[in-house]
Amino acid sequence: MASQPIKPKRITDIGPPNYENFLHPVIKSNYGQWKYHETLAPGVLCHVAESGARIYSVRAASPRLLSIQTLRLFASLADKYCGGYLRFTSRNNVEFLLDNPDNIEPLKKELAAEGFPVGGTNNSISNIVHTQGWVHCHSSATDASGLVKSVMDALYEDFVQEKLPAKLRIAVACCLNMCGAVHCSDIAILGIHRKPPQIRHDLLPKVCEVPTLISSCPTGAIRPATVGGKQSVEVIEEQCMYCGNCYTVCPAMPMNDPDNDGISIWVGGKVSNARTAPKFTKLAIPYLPNNPPRWPEVVQAVANIVDVYAKNAKRFERLGEWIERVGWPKFFELTGIPFTRYHIDDFKFAGLTYARSTHIRF
Amino acid sequence: MASQPIKPKRITDIGPPNYENFLHPVIKSNYGQWKYHETLAPGVLCHVAESGARIYSVRAASPRLLSIQTLRLFASLADKYCGGYLRFTSRNNVEFLLDNPDNIEPLKKELAAEGFPVGGTNNSISNIVHTQGWVHCHSSATDASGLVKSVMDALYEDFVQEKLPAKLRIAVACCLNMCGAVHCSDIAILGIHRKPPQIRHDLLPKVCEVPTLISSCPTGAIRPATVGGKQSVEVIEEQCMYCGNCYTVCPAMPMNDPDNDGISIWVGGKVSNARTAPKFTKLAIPYLPNNPPRWPEVVQAVANIVDVYAKNAKRFERLGEWIERVGWPKFFELTGIPFTRYHIDDFKFAGLTYARSTHIRF
Amino acid sequence: MADNGKPKTELLDQLETGPWPSFVTEIKKAREGSPVCDDLLGQLELSYQEKKGHWKHGGIVGVLGYGGGVIGRYSDIPEQFPNVAHFHTIRVNQPSGWFYTSDAIRTLCDIWERHGSGLTNMHGSTGDIIFLGTRTNELEPTFKELTEAGFDLGGSGSSMRTPSCCLGQARCEWACYDSMKLCYDLTMAYQDELHRPPFPYKFKIKCAACPNDCVASIARADLSIIGTWKDDIQQDDAAVAAYAAGGLNIQKDVCDRCPTRCMDWDGATLTINNRECVRCMHCINAMPKALAPGKERGATILIGSKAPIVQGALLSSVLIPFIPADELLETVKELIGRVWEFWDEYGKNRERIGELIQRVGMANFLDAIGLDPAPEMISAPRDNPYVFFQTKSESNGN
Amino acid sequence: MADNGKPKTELLDQLETGPWPSFVTEIKKAREGSPVCDDLLGQLELSYQEKKGHWKHGGIVGVLGYGGGVIGRYSDIPEQFPNVAHFHTIRVNQPSGWFYTSDAIRTLCDIWERHGSGLTNMHGSTGDIIFLGTRTNELEPTFKELTEAGFDLGGSGSSMRTPSCCLGQARCEWACYDSMKLCYDLTMAYQDELHRPPFPYKFKIKCAACPNDCVASIARADLSIIGTWKDDIQQDDAAVAAYAAGGLNIQKDVCDRCPTRCMDWDGATLTINNRECVRCMHCINAMPKALAPGKERGATILIGSKAPIVQGALLSSVLIPFIPADELLETVKELIGRVWEFWDEYGKNRERIGELIQRVGMANFLDAIGLDPAPEMISAPRDNPYVFFQTKSESNGN
Ligand code: SRM
Ligand code: SRM
Ligand code: SRM
Ligand code: SRM
Ligand code: SF4
Ligand code: SF4
Ligand code: SF4
Ligand code: SF4
Ligand code: SF4
Ligand code: SF4
Ligand code: SF4
Ligand code: SF4
C-alpha cells in the first residue's frame with residue numbers, strides 16, 4: 001500500500017459522483033415510470049415500467065465487510081450479466097440489475113458457487129444491519145460480524161425462502177450507541193456492559209475534562225474525587241446504568257469487562273408505516289453470555305423467536321404486530337423466555353409501560 | 001341549629017351502617033343472582049333475577065347539592081312508591097327502587113312536578129361529576145355547581161333521551177387538583193389560573209415554611225428572597241405553570257385572579273375497559289372566559305362538541321374512540337376549534353405525543 | 001339586601017331557570033331553617049359578581065381523637081357574612097353502594113338540621129355524604145348524634161379515604177365479586193387508618209365489580225379492585241340469534257368492536273376465542289341477555305391512580321392479574337399491609353403510592369412488597385437499554 | 001503463528017463454515033496484497049479469545065481542510081500487532097441509492113488497494129462506503145485519488161452526515177418523489193457542513209420515497225423526508241378482482257389490516273374511503289398491480305429521530321405534513337436553514353436536534369423556526385393541565 005500521488009492539484013467538496021452516471025440504461029429511460037413489480041423467485045424481482053420495459057434484480061447476500069477481491073468479483077459478474085450495473089441495498093445486500101432474464105439463472109449459479117446465496121426479498125429474513133464490533137470500534141461490548149455470521153448461518157433457510165408471515169428484520173449493535181437499526185427492528189441483538197466503567201486515575205486528568213465528564217452521565221453517577229492527591233472522579237455504582245456515555249467523552253473510563261459483558265435480545269420493532277406506526281424494539285432477553293466464536297445461546301434464542309413467530313403469526317403480521325395482537329404474556333409463554341424485573345421499564349417514560357387497563361388474557 | 005347533646009357516651013370507629021340494612025327485600029333475596037337487565041325507558045331499568053324476580057330502578061337527576069328539604073322529599077317518594085328504598089349513583093343521581101312496575105309512571109310524574117327529570121341511562125349524558133367551586137373551596141378558579149347547571153340545562157335533551165352513539169360522561173373541576181373525574185371523562189370542564197401566585201409577603205413568614213414551599217413547586221419556579229428585610233420567596237414567572245400546588249401548601253400564595261382565571265375544555269377520556277383501554281382526557285380548548293352566572297362560551301363549546309360527536313360517531317363509539325378513529329385533525333376541523341401551541345404537550349411525556357409516523361389524512 | 005330581608009341574588013337567580021334542578025333553589029329551600037344559607041347565598045353572589053372565591057385556607061378542625069373527616073373552611077369576609085365565618089364540611093361515611101332507607105335519610109336530615117346548614121352533597125366525589133357547612137362548636141355534637149344513629153365519619157387529609165364501590169351484586173348481573181361487601185369489610189378493617197391520618201398522603205380504595213368500572217376506580221383510586229373472570233364467557237346461542245333478529249349488527253357492532261377481534265360471526269353462530277378475549281365487557285354489554293362473564297370469578301388488583309397534581313395524572317396499573325372472589329378480602333388486606341409498610345418507609349411527604357412507584361420503579365416496588373414480576377403488569381417491556389443489572393449482589397433492590 | 005507464517009485463527013476459522021458468506025474469509029482474501037490483514041486477524045482472534053476489544057479511543061485525524069470523514073483508530077497492543085497500530089477508517093460518500101458501474105467499483109478497489117487494508121464495508125450504517133483501516137500518512141493520498149476519481153468524503157463528528165436514500169424512482173413504482181435526486185442535491189448543497197463540523201452534534205438526513213421507508217429514515221435521521229400523496233389511491237378494479245381470484249383473502253389480509261378500516265370489500269368491488277386513509281401503504285403493498293399511490297405526490301417532513309444515547313431513542317415526528325414533490329428541494333433547504341440556526345443558538349454540546357426539541361418543547365421550536373402548529377404534528381393533544389400561558393407578553397416564547 002505504497003502511496004502514489006498522481007497529481008498535485010487538490011480537489012475538495014465535489015461531493016459524491018452523480019448517480020445518473022451509474023444507472024442501467026433501462027432504469028435511466030424508465031426512471032419514475034415504474035408500473036408494478038413481481039417476484040420471480042426469492043431474491044429475484046422483476047420491475048415493469050409503464051413502457052413495458054423490464055428490469056430484473058438479483059439480490060445476493062453479503063457479509064458487508066468485503067474485500068476488494070470480492071468487490072472485483074461482483075464487478076466482473078456485473079460485466080458478464082448486467083452490462084456492468086449493480087447496486088447495494090439499504091441492508092447491505094448486493095443487487096445485480098439485468099435486462100435479460102436469461103442471465104438470471106447463470107448469475108445465480110455463479111453467485112452460489114462463490115458462496116453468495118440469493119434471497120432476502122419479501123417475507124424472508126434479509127441481511128442483518130450491523131456495526132463494527134471488535135473489527136474496528138473501541139466501544140464494543142461484543143463483536144458484530146461474528147454474531148451476524150453465526151445467526152445468519154442458522155437462519156439461512158429464511159433468507160433463501162419467503163415463508164415467514166411477513167418481512168423479518170434483524171439488527172446487531174455492539175454497544176448501546178446502537179449504530180444501525182437496533183432500536184426499531186423485528187429482532188435486535190445488542191452488546192451490553194453490566195459493570196460501571198473502570199477509572200484509570202493515572203490517565204484521567206491528562207486526557208479528560210472533569211466537568212464535561214461529570215455532565216456526560218445521564219444519571220449523575222459520576223462525582224469529582226481526589227485520588228492519590230490528583231483530581232479524578234468516582235462512580236456511584238448503584239446509579240450506573242452502563243450506558244458508556246462517559247467512555248465516549250473520556251477514554252480513561254473504559255467499560256470492557258470480559259466476565260460481565262454480554263448480549264441482550266430485543267423484539268417487535270419496525271420502521272415502515274405499513275399497517276401500524278413505526279415501533280421501538282422491546283426487551284426480550286436481558287442477558288446472554290458473550291460466547292465467541294459462535295454465540296450458541298444467542299443463535300438459539302433468535303432462532304427460537306423466529307420459530308415461534310413463524311408458527312403463530314398471521315399473514316402480513318410483523319413480529320411486533322403479532323405480539324401486540326396476542327399480548328406480551330403470550331409472547332413470553334410461547335417462547336419460554338422468563339419474564340424478569342429487568343423487563344419492567346424504569347427509565348423516563350416507565351409509567352406509560354405499566355398495564356393501565358384490565359385487558360388481561362387468562 | 002342549636003346543639004342538643006343526647007347522651008354522654010362517646011362512640012367512635014363504628015364505620016358506616018351495614019348496607020344490608022338498607023337493601024330492598026327483592027334485592028336482598030336476589031343478591032348476586034341477577035340474570036340480565038332491560039331498559040324500559042330512558043332512566044328506567046328493569047333487572048331480572050335468576051328467580052324471575054324483578055327490580056325496577058327509576059333514575060332522577062340531582063343537583064348533588066341537596067337541601068335536607070329535598071332529601072326528605074326523596075324519602076317520602078321512596079315511602080310512597082318503593083317501600084322506602086332508594087339509593088344514589090356514582091354520578092350523584094338518585095335512584096328509586098321499585099318492585100311494582102305500576103308505580104313507575106306515578107313516581108316519574110311526581111318527580112317531574114318537583115323538577116327532577118328522569119334519565120341518564122345508556123347512551124345519554126348522565127349527571128356531571130363535579131366539585132365545590134365557590135360554594136365551599138378556597139382553591140377554586142371558577143364555580144362548579146353553576147357550570148353544571150348551565151351546561152345541563154343546555155344538554156337536558158340528552159339526559160332524558162338515549163340518542164347518542166354511546167354514553168357521554170362530563171366532569172367539572174374548579175381547579176387543577178381535579179377532585180372528581182376530569183382527567184378521564186368524555187368531556188371535562190376545568191377551572192384554570194393563568195397567572196403565577198401573588199405573594200403575600202406580610203403573611204408568608206408567619207404561616208408557611210419556606211423550604212417546604214420551595215420544594216412544593218414542580219418546576220422549581222419558587223426561590224427564596226428577602227423582601228422588606230423579611231424572609232420570603234419570589235416566583236420566576238416564566239417557569240410557573242399555574243398548578244397551584246404552592247397555594248395548597250401555603251395560604252400566602254393565592255392564585256385567584258378574576259381577570260385571568262377561566263375555563264379549559266378537555267375531551268376524549270374514559271374510564272371503562274369496554275372495547276378500548278381507559279384513556280386520559282386531552283386538551284380541546286385552552287381557555288374560555290369565566291362568565292357567570294351562565295358561562296355562555298363554555299355551554300356553547302360543550303354543546304358544539306356533543307353535537308359534532310353525535311352527528312359523526314358510529315354506534316358504541318365513545319367520544320375518545322371516535323376521535324382516535326378519525327384522527328385529531330378531523331376533530332379540530334369538524335368542531336371548528338382552533339389548534340394552538342398550547343395543545344402540543346410540553347410536560348414530562350411530551351415527546352410521546354408527537355406524531356411519530358406518516359399516518360396522515362389529507 | 002333585597003326587600004324580603006334576604007340578600008340580593010340577581011346573578012344566582014338566573015340559575016333557577018331551565019329544566020335541570022338548581023342548586024340555588026336548594027340553597028334557598030334550606031334557608032327556611034338556617035340563616036347560614038342567606039350568608040352563603042350572599043357570599044356566593046359576590047363571587048359571581050367578582051369572579052372570585054371568598055373562602056380562606058382551612059385550619060385544622062375536627063372531632064376529638066379523629067384526625068380526619070372534617071374540612072375546615074372560613075370566609076375571608078366574615079364581617080360581611082358572619083354566619084359563614086366558619087363553614088366547615090363534615091364527611092360522613094356512606095353506606096356501600098349508596099343504598100338508603102327513607103328512615104336513614106331522614107335521620108341524617110334531622111341531625112344536620114340541628115347542627116348545620118341543612119345543605120348536603122349526595123355525595124362527594126370520593127363517595128362520602130357531605131354535610132356542607134357548620135361552625136367549629138357544632139362538630140362534636142354532630143359527630144355524637146351521627147355515631148349514635150350508626151354513622152361515622154369518612155376520611156380526609158393524609159388518611160385512608162372512604163372506600164367506595166359500584167352497586168355490584170346488589171343489582172347488577174355482571175358483578176364478578178361482592179364489591180359492596182368488600183368495600184364494607186375494608187372500611188371496617190381500617191377504621192383507625194381512616195380516622196387518624198398515618199400516611200405520607202391520602203390513600204383511596206375503590207371496588208368495581210366488573211371491568212365497566214362504574215365507580216371509576218382505575219382513574220381515581222390508589223388501590224383499584226376490579227372484577228373479572230378467568231374461564232369462558234357464558235353464551236346463550238338462542239339469545240344471540242334473537243339479538244341478530246332484533247336488528248343488532250353483530251358483525252359491525254360487536255365483533256368489529258372487540259379489541260382483540262377474537263369473535264367470529266357467520267350470520268348464525270357466534271364463536272368466541274376465549275383465549276384471546278381480554279375481558280373488556282363490550283360484547284356482554286351489547287348483548288346482556290345472551291352473554292355473561294364466566295363462572296370462575298374474582299378481581300384484578302391495580303395500583304396507583306390519581307389526579308395530575310403535580311407529576312401528571314396516573315391510571316392504576318395491574319398489580320395482581322387475578323384473585324378468586326373468595327380469597328379477595330384476605331389477599332387484599334395482606335397486600336395493603338405490605339404496600340403501606342413500603343409507602344411508610346419510602347414515601348415522601350405528599351407522595352401518593354403511584355408516584356412513589358414511578359419514582360423507585362415498579363420492579364423495586366415488587367421486590368419490596370414481595371411480588372414476582374409478571375408480564376400482565378406491563379403493556380410492553382422496556383424499549384430503552386438502560387437496565388440496572390444486579391450483578392453486584394443479587395439482593396440489592398436497585 | 002501458524003505454520004504458514006500467518007497468525008493462528010482457530011476461533012475465527014470456525015466462522016468460515018456454514019452457508020452465509022464469511023467476513024473472516026473476506027479478511028483472509030484481502031491479505032494477499034495487505035500485511036495489515038494478518039495483524040487484524042491476529043488482534044481479532046485475541047479479542048475472540050479474551051472476549052474483549054483491543055482498539056483505543058480514536059484521536060483526531062483527517063485530511064487537510066476537512067474536519068470529518070475519517071475515524072481515527074489505534075490498537076491498544078501495537079507492539080503485538082504493529083500493522084494495525086493505526087487503523088483509521090475513511091468514510092467515502094456513496095452515490096445516491098448505492099448504484100455503481102463495475103468500473104466505479106474497480107476504481108474504488110484500486111485506490112484502496114494502493115492506500116489501505118483492502119477491506120471495506122459496503123456500506124456503513126449511515127450509508128457511506130467505508131474504507132476499513134489505514135495509517136495516518138495514507139489519508140491525504142487516498143483522498144487525492146478519491147477526489148480525482150470523482151469521489152469525496154462523507155461525514156463524521158459534529159457535521160452534517162452523509163445523506164442517504166432509498167432507490168425510489170430508479171426502480172420502485174411507489175416512489176412519490178425523486179429521493180435519489182433530492183439526496184444528491186442536498187448532499188451537494190451542504191458540502192461545507194458535511195466536511196467541516198459546524199454543529200453541536202451530528203445531523204443526519206434520509207430520504208425515503210414512500211411510507212414503507214426502505215431507508216429507515218423515521219428511525220435514524222434527524223431529518224426524515226418520506227414520500228406520500230394527497231389525493232386518492234389509484235385503483236384498478238380488474239386487477240383487484242384478479243388478486244381475489246388468485247387466492248388473496250381481500251377481506252382478511254387487506255381490509256382487516258387497514259389501520260383505519262377504511263376499505264370495504266363486498267366480494268366483488270373494493271371501495272376505499274380515501275378521506276380516512278392514512279397512507280400506510282399496506283393495501284398497495286399487498287396488491288402492487290391493482291393499487292398505487294395517488295397522483296398528487298410529495299413528501300412529509302419529520303424531525304428528530306436518533307438512537308438512545310443518552311435520553312432514550314426517538315422516532316422522527318411530523319413537522320410538515322405535505323410538500324409537493326416539485327417544491328421539496330427549496331422548501332427543505334429553507335427549513336433546514338431555520339432548524340440549524342435554532343440548533344446553533346440553543347443546542348447544547350452533543351445535543352441532537354430531536355433532544356433539543358424535547359427539551360424546549362415543540363411549540364417553542366415551531367415559534368422559533370416560524371412554523372404554525374398543526375394537529376398533524378401530534379398523535380394527541382396534551383393530557384396534563386400544565387400550560388405555560390403567554391398572557392404576559394404575547395411574543396414570549398415560553
Ligand atoms: C432494495 C430496498 C431499498 C434500497 O434502496 O436499498 C428495498 C426495496 C423494496 N422494498 Fe423495502 N427495501 C429495502 C429496505 C427496506 C427497509 C429498511 C430496512 O430493512 O432497514 C424497510 C423498513 C423495514 C421495517 O419496517 O423495519 C422496508 C420496508 C418495506 C415494506 C414494508 C414492509 C412491512 O410490511 O412492514 C415494503 C412493502 C412490502 O414488502 O410489501 C417494502 C417493499 C419494497 C419493494 C417491493 C418496493 C418495490 O416496489 O420495489 C422493494 C423490493 C422489496 C423486497 O426486498 O422484497 N419495503 N424496506 C431495501 C432492501 C434491503 C434488503 O437488502 O433487504
Ligand atoms: C369534597 C371533594 C370535592 C367534591 O365536591 O366532591 C374534594 C374537595 C377537596 N379536595 Fe379533593 N375532593 C374530593 C375528591 C377528590 C377526588 C375524587 C375521588 O376521590 O374519587 C380527587 C381525584 C382523585 C385523587 O385522589 O387523585 C381529588 C383530588 C384532590 C387533590 C389532588 C391530589 C393529587 O394527588 O393529585 C387535592 C390537592 C391535595 O390533596 O393537596 C385535593 C384537595 C381537596 C381540598 C381538600 C382542597 C385543598 O387543597 O385542601 C378540597 C376541599 C374542598 C372543600 O372545601 O370542601 N383533592 N379530590 C371530594 C371529597 C368528597 C368526599 O369525601 O366524598
Ligand atoms: C348506577 C351505576 C353504578 C352505581 O353503583 O352507582 C351504574 C350502573 C350501570 N352501569 Fe355503569 N353505572 C354507573 C356509573 C358508571 C361509570 C362511572 C362514571 O360514569 O363516572 C362508568 C365508567 C364511565 C367511563 O368509562 O367513563 C360506567 C360504565 C359503564 C359501562 C361501559 C360503557 C362504555 O361503553 O364505555 C356499561 C356498559 C354499557 O352501558 O353498555 C355500564 C353499565 C351499567 C349497567 C347497565 C350495569 C347493569 O347491568 O346494571 C347499569 C345501568 C347503566 C346505565 O346507567 O345505563 N356502565 N358506569 C352508575 C350510574 C351513574 C349515573 O348516575 O349515571
Ligand atoms: C461506522 C458506523 C457503524 C457501521 O459499522 O456501519 C458507526 C460507527 C461509530 N459510531 Fe455510530 N456509526 C454508524 C452509524 C450510526 C447510526 C446509523 C445511521 O446513521 O443510520 C446510528 C444511529 C442513528 C443515530 O444517529 O442516532 C449511530 C449512532 C451512534 C451514536 C449514538 C448517537 C446518539 O445520539 O444516540 C454514537 C455515540 C456518539 O455519537 O457519541 C456513535 C458513535 C460511533 C463511533 C464514532 C464511536 C464513538 O463513540 O466515537 C463509531 C466508530 C466506529 C469505528 O471505529 O469505525 N454512533 N451511528 C456507522 C457509520 C458508517 C457510515 O458513515 O455509513
Ligand atoms: S454500536 Fe457501539 S461499538 Fe458498535 S460501532 Fe457503534 S459505537 Fe462502536
Ligand atoms: S456508564 Fe453511563 S451511567 Fe455509568 S457512569 Fe458512565 S455515563 Fe454514568
Ligand atoms: S377541584 Fe380544586 S377548587 Fe374544586 S373542590 Fe377540588 S380542590 Fe377545591
Ligand atoms: S403555581 Fe405551581 S408552578 Fe407556579 S409557582 Fe406555584 S407551585 Fe410553582
Ligand atoms: S362495575 Fe360492572 S358490576 Fe359494577 S355496576 Fe358497573 S357493570 Fe355492574
Ligand atoms: S369481552 Fe371484549 S375482548 Fe372479550 S370477546 Fe367480548 S368484546 Fe372481545
Ligand atoms: S421507500 Fe417506498 S419508494 Fe422507496 S424503495 Fe421503498 S417502497 Fe419504494
Ligand atoms: S394505504 Fe393503508 S390506510 Fe390507506 S386504505 Fe390502504 S391500508 Fe388503509
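So you know, we letter chains A, B, ... as the sequences are listed, proteins then strands, and number each from 1.
Contacts between B/Ile344 and chain D at a heavy-atom distance below 4.5 Å involve backbone atoms as well as side-chain atoms. Only the backbone of B/Leu352 comes within less than 4.5 Å of a heavy atom of chain D; no side-chain atom from C-beta onward does. For chain D, the nearby part of B/Ile192 is the side chain; its heavy atoms alone come within less than 4.5 Å. At a 4.5 Å heavy-atom cutoff, the contact between D/Cys277 and chain B is made by backbone atoms alone. Of the two parts of B/Thr281, only the backbone, made up of N, CA, C and O, holds a non-hydrogen atom closer than 4.5 Å to a non-hydrogen atom of chain D.
The SG atom of B/Cys184 sits 9.0 Å away from atom CG of D/Asp383, with the distance rounded to the nearest 0.5 Å. Atom CG of B/Asp346 sits about 12.5 Å away from atom OH of D/Tyr386, to the nearest 0.5 Å. Here D/Cys262 contributes atom SG and B/Arg325 contributes atom CZ; the two are 10.5 Å apart, rounded to the nearest 0.5 Å. Atom OG of D/Ser224 sits about 12.5 Å away from atom CZ of B/Arg356, to the nearest 0.5 Å. D/Asp367 contributes atom CG, which lies 4.0 Å from atom CZ of B/Arg341 (distance to the nearest 0.5 angstrom).
Annotation: side chain of D/Pro381 is not in contact with side chain of B/Phe331 (no heavy-atom distance under 4.5 Å). Contact check for B/Tyr354 versus D/Ile357: side-chain heavy atoms found under the 4.5 Å cut-off. The side-chain heavy atoms of D/Phe322 and B/Ile360, taken from C-beta on, include no pair separated by under 4.5 Å. The closest side-chain heavy-atom distance from D/Val387 to B/Tyr287 is not below 4.5 Å.
Of the listed residues D/Pro259, D/Ala374, D/Gly361, the one with more heavy-atom pairs under 4.5 angstrom with chain B than any other is D/Ala374. Interface check for chain B: of the options D/Thr300, D/Asn384, D/Asp372, the most heavy-atom pairs under 4.5 Å are formed by D/Asn384.
The environment of D/Lys181 atom NZ is sparse: at most 12 non-hydrogen atoms of other residues, nucleotides or ligands sit within 6.0 angstrom. Annotation: D/Arg359, atom CZ; neighbour count of heavy atoms from other residues, nucleotides and ligands within 6.0 Å is above 12. Residue D/Glu341 qualifies as open at atom CD: its count of foreign heavy atoms under 6.0 Å is 12 or below. In the displayed structure, B/Arg223 atom CZ is contacted under 6.0 Å by at most 12 heavy atoms of other residues, nucleotides or ligands.
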Passes side-chain contact (heavy atoms from CB on, under 4.5 Å), B/Phe362 versus D/Glu376? Steps please. CA-CA 10 Å; B/Phe362 293 107; D/Glu376 287 80 7; 5.8 Å; no
Verify side-chain contact (heavy atoms from CB on, under 4.5 Å) between B/Arg361 and D/Glu276, making sure each step is shown before the conclusion. CA-CA 6 Å; B/Arg361 290 171 181 82; D/Glu276 287 299 316; 3.3 Å; yes
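For the pair B/Thr358 and D/Pro211, the tightest heavy-atom approach, listed with the atom from each and the gap, is OG1-CB, 3.4 Å. What you find for B/Phe332 and D/Pro375 is that their closest heavy atoms are CD1-CB, 4.0 Å. Closest heavy-atom contact between D/Gln358 and B/Gly351: NE2-CA, 3.3 Å.
Taking the six-membered ring for Trp and thresholds of 30 and 60 degrees, B/Tyr242 and D/Phe389 have ring planes inclined between 30 and 60 degrees apart.
Of the possible polar contacts, one joining the D/Arg382 side chain to the B/Tyr342 backbone as a donor-acceptor pair under 3.5 Å is found.
Residues of residues 303-320 of chain D that come closer than 4.5 Å to chain B, counting heavy atoms only, are D/Leu315, D/Ser316, D/Ser317, D/Val318, ordered by residue number.
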